[in-house]
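One structure below.
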Amino acid sequence: MSEKPIVIEVKDLCKTYYMEGGASQVVLKHINFKIYEGEFVAIMGHSGSGKSTLMNTLGCLDRPTSGEYFLAGESVAKRTDKELAIIRGQKIGFVFQNFNLMMKRSIVDNVSMPLIYQGVSENERRERALEMLKIVGLEGYGDRPPSQISGGMQQRVAIARALINHPKIIFADEPTGNLDSITSDEIMNLFTELNKKGITIVLVTHEDDVADYAKRMIKISDGRVEYDGLRKEYHA
Amino acid sequence: MIYQILREAWISISAYKLRTFLTMLGIVIGVASVVLMVAAGQTVSNEITKTFDSMGTNLIILAPAETVSGGVRGGRGRPSITFKDVEALKSLKDVETTSYVVNAAVQAVYGSNNYGVSVYGTNPDYLAVGNWEIESGMAFTEKDVKAGKPYIIIGQTIVDELFGLQNPIGKVLRLKGQPFTVIGTLKAKGDNLMGQDQDNIIMMPVTTLRQRLRGSNRPQYTDIAFVKVTQEDKMESVSKRIEYLLRARHYLKEGAPNDFSIHLMTEMVEKVQNVGFILSLLLSSIASISLVVGSIGIMNMMLVSVSERTREIGTRKALGAPNRWIMFQFLMESIIISFMGSFIGMILGVILSQIAGKMLDKQVPISLWSVVISASVAIFVGVVSGIMPARKAMKLDPIEALRYQ
């Protein structure tokens, strides 16, 4: 595993929130780990453990208070908002719990949306979006609005959207949180399939059976890494 | 990139058609009313110019001096200009002709018809001075003036009111019981600015008027005198010469005030046109209040839109949209709305002003101003009302925005 390139490396990552009135709350405490290309990692933890903050920081939506974060070899801990937006657009794919699709736009428009900010032409956007829809098994749905398809299918659209910029890594934040168990399995199988094709996936969840799809597990508790190892070897 | 922003903005606002339309309506009404008011102001100003043109702008009007007692301005003073003065002014350089008018208001009677009329006692030159033309018959002559002949020229209103379909030439009508023979009729001029009927007029030799209608113990004086100048740019110099000559003729000592007043028609035109300009400015500033309201409407809608679309903004940011992109998209949405509103408003304003012009039988100009106004409104209102919501959208924290329900 270690011969593969490193996608994510965090060193001594800390995050403190400073509130009005001078109070502060330490959310992440000296986090260290590496994620290699092709891994399927589940980040677990109870609510309030800091896993969402970790996810936001890894997803370049937030900056750490201190420590280092390398994404695909590049230090991104101290970048400006503008630079972070470019990094998100080029290297990261997001899948959200509530899909976050634009219901008034066509599925193709939704899938190809990240490419607008990369300056990709309209024709190429459409072409690539249709290709991604094929990968997630939604061929032929491109011109419908997302409101006409089921929740599971909507999440597939979101996955296609996350894939379209050929990201280094996909962050999925509770991707099955709004789905029933059968649909959840379908979505997780899709992730597994994508992972087999070599796509690096970081999954944030608090559900054990969802985490079971991942090979590796990082458990966060009270802002620290409590466990980092193979999922099947973890016994709570 | 601008095209992409424009396209995203367009798709976003067209997703909310009714809301966009209603918001746009505010700007449509605002711009249309400004364009209408500007057109109204310009029409008034054009009408003023036209009326003055019909009177002749190269005119200097001489009247008695205003009476001043204890610093308080009174009305017109005693007549001070004689017919001989007026005659003498004719010899001044750059003077085309001179005339005078002594007024009388009497009842004109013909057969069983009668009509209240304004009678002008004057000389034949008044036709040239007042831009009057003879329609049929002829004018009285200088000789008739000397002889005090009871000849009259009548305006179109008198023709219509007293004679109807009859030919008035050669007919005899009565004023204050005295007979006068109609020798000519005047071409119609229509109403003047104050809405007075200019065609309700009878002209006769001043001598006749003095003898038969309005006697005076100072019969050599005229109420008012006119000097027609050859060219408009000679007005000032001619008025200086008039002042000099009249002061000499009236034996006024150095330092003594003029016993007459000089009014330049060009100055009066300027004054009235200034009033017209101020009127049109006032009207359009009142109308632009509706533009302000419309612009607040856009801002309001954009603010609602930003908070409604918080999740969309968060998603777009997470997927790589730079803050500036988000800001420009929302700014563009508001500019599109105000641009379309202004354009429709401009067209509506022009159409409405033309319809109103047709209905009131007035020539309403389509001015470049309406285009300039609507174009600047489009940009200005769009930016002003869009910038605050757009900045709000830009500043949204993507993490907060994604969490927003």
Side-chain angles (χ1 to χ4, degrees), chain A residues 15 17 27 52-57 59-63 80-106 109-122 125 145 147 157-158 161-165 167 170-171 173-174, chain B residues 1-21 301-302 304-333 336 390-405:
Chain A
K15 179 74 187 178
Y17 283 113
V27 183
S52 292
T53 305
L54 178 61
M55 160 86 176
N56 289 335
T57 311
C60 291
L61 291 166
D62 206 352
R63 277 177 286 259
T80 62
D81 282 355
K82 196 178 168 184
E83 289 169 327
L84 287 180
I86 294 169
I87 292 167
R88 289 197 296 270
Q90 291 176 346
K91 300 191 171 163
I92 296 172
F94 282 103
V95 177
F96 306 98
Q97 177 174 357
N98 41 27
F99 324 140
N100 281 333
L101 299 176
M102 290 186 289
M103 290 298 166
K104 300 217 172 202
R105 306 289 289 270
S106 72
D109 277 358
N110 269 284
V111 173
S112 63
M113 208 243 283
L115 296 181
I116 292 179
Y117 309 114
Q118 312 288 327
V120 178
S121 77
E122 202 179 328
R125 288 208 303 268
S147 50
V157 172
R161 182 178 65 186
L163 289 170
I164 198 157
N165 54 353
I170 286 184
F171 290 103
D173 188 1
E174 305 276 8
Chain B
M1 182 175 114
I2 289 170
Y3 168 74
Q4 288 304 335
I5 294 177
L6 199 69
R7 190 165 175 275
E8 284 295 301
W10 172 252
I11 295 173
S12 294
I13 56 173
S14 47
Y16 303 95
K17 288 199 178 59
L18 181 65
R19 183 201 288 181
T20 306
F21 168 74
M301 174 199 150
M302 291 309 298
V304 170
S305 182
V306 168
S307 60
E308 261 186 10
R309 286 154 66 194
T310 299
R311 277 255 299 278
E312 178 197 322
I313 294 165
T315 309
R316 283 178 183 272
K317 284 189 174 182
L319 298 181
N323 285 341
R324 287 184 148 258
W325 223 99
I326 298 288
M327 187 183 88
F328 281 126
Q329 181 185 333
F330 279 89
L331 197 57
M332 199 60 92
E333 289 181 22
I336 290 174
R391 284 179 62 85
K392 197 180 159 201
M394 181 182 93
K395 283 182 177 161
L396 281 179
D397 176 12
I399 299 168
E400 294 291 325
L402 282 169
R403 212 180 285 152
Y404 186 85
Q405 289 303 315

Between [options], which has the largest tally of heavy atom pairs under 4.5 Å with chain B?
| options | result |
| --- | --- |
| Lys82(A), Glu83(A), Gln97(A), Met102(A) | Met102(A) |
| Asp62(A), Asn98(A), Ile92(A) | Asn98(A) |
| Cys60(A), Gly93(A), Ala85(A) | Ala85(A) |
| Arg161(A), Gln118(A), Gln90(A) | Arg161(A) |

Rounded to the nearest 0.5 Å, how far apart are [atom1] of [X] and [atom2] of [Y]?
| X | Y | atom1 | atom2 | answer |
| --- | --- | --- | --- | --- |
| Tyr117(A) | Ile326(B) | OH | CD1 | 5.0 Å |
| Asn323(B) | Leu84(A) | CG | CG | 10.0 Å |
| Glu8(B) | Met113(A) | CD | CE | 7.5 Å |
| Ile116(A) | Gln329(B) | CD1 | CD | 8.0 Å |
| Asp109(A) | Ile11(B) | CG | CD1 | 5.5 Å |

Worked verdict on Leu402(B) versus Asp173(A) for side chain to side chain contact (heavy atoms under 4.5 Å, CB included): CA-CA 11 Å; Leu402(B) 282 169; Asp173(A) 188 1; over 6 Å; no

Backbone N/O of Lys317(B) and side chain of Arg88(A): donor-acceptor pair under 3.5 Å: yes

Max heavy-atom pair count under 4.5 Å with chain A, selected residue of Glu312(B), Arg311(B), Arg324(B), Arg7(B): Arg311(B)

Where on [X] is there a heavy atom nearer than 4.5 Å to chain A: the side chain, the backbone, both, or neither?
| X | value |
| --- | --- |
| Tyr16(B) | side chain |
| Pro322(B) | both |
| Arg309(B) | neither |

Which portion of Asp81(A) sits near chain B, non-hydrogen atoms under 4.5 angstrom: side chain

Crowding at CZ, Arg63(A) (>12 non-hydrogen neighbours, <6.0 Å): yes

Flag if over 12 foreign heavy atoms under 6.0 Å of OH, Tyr17(A): yes

For the student: nearest non-hydrogen atoms of Ala318(B) and Phe96(A), plus distance: CB-CZ, 3.9 Å

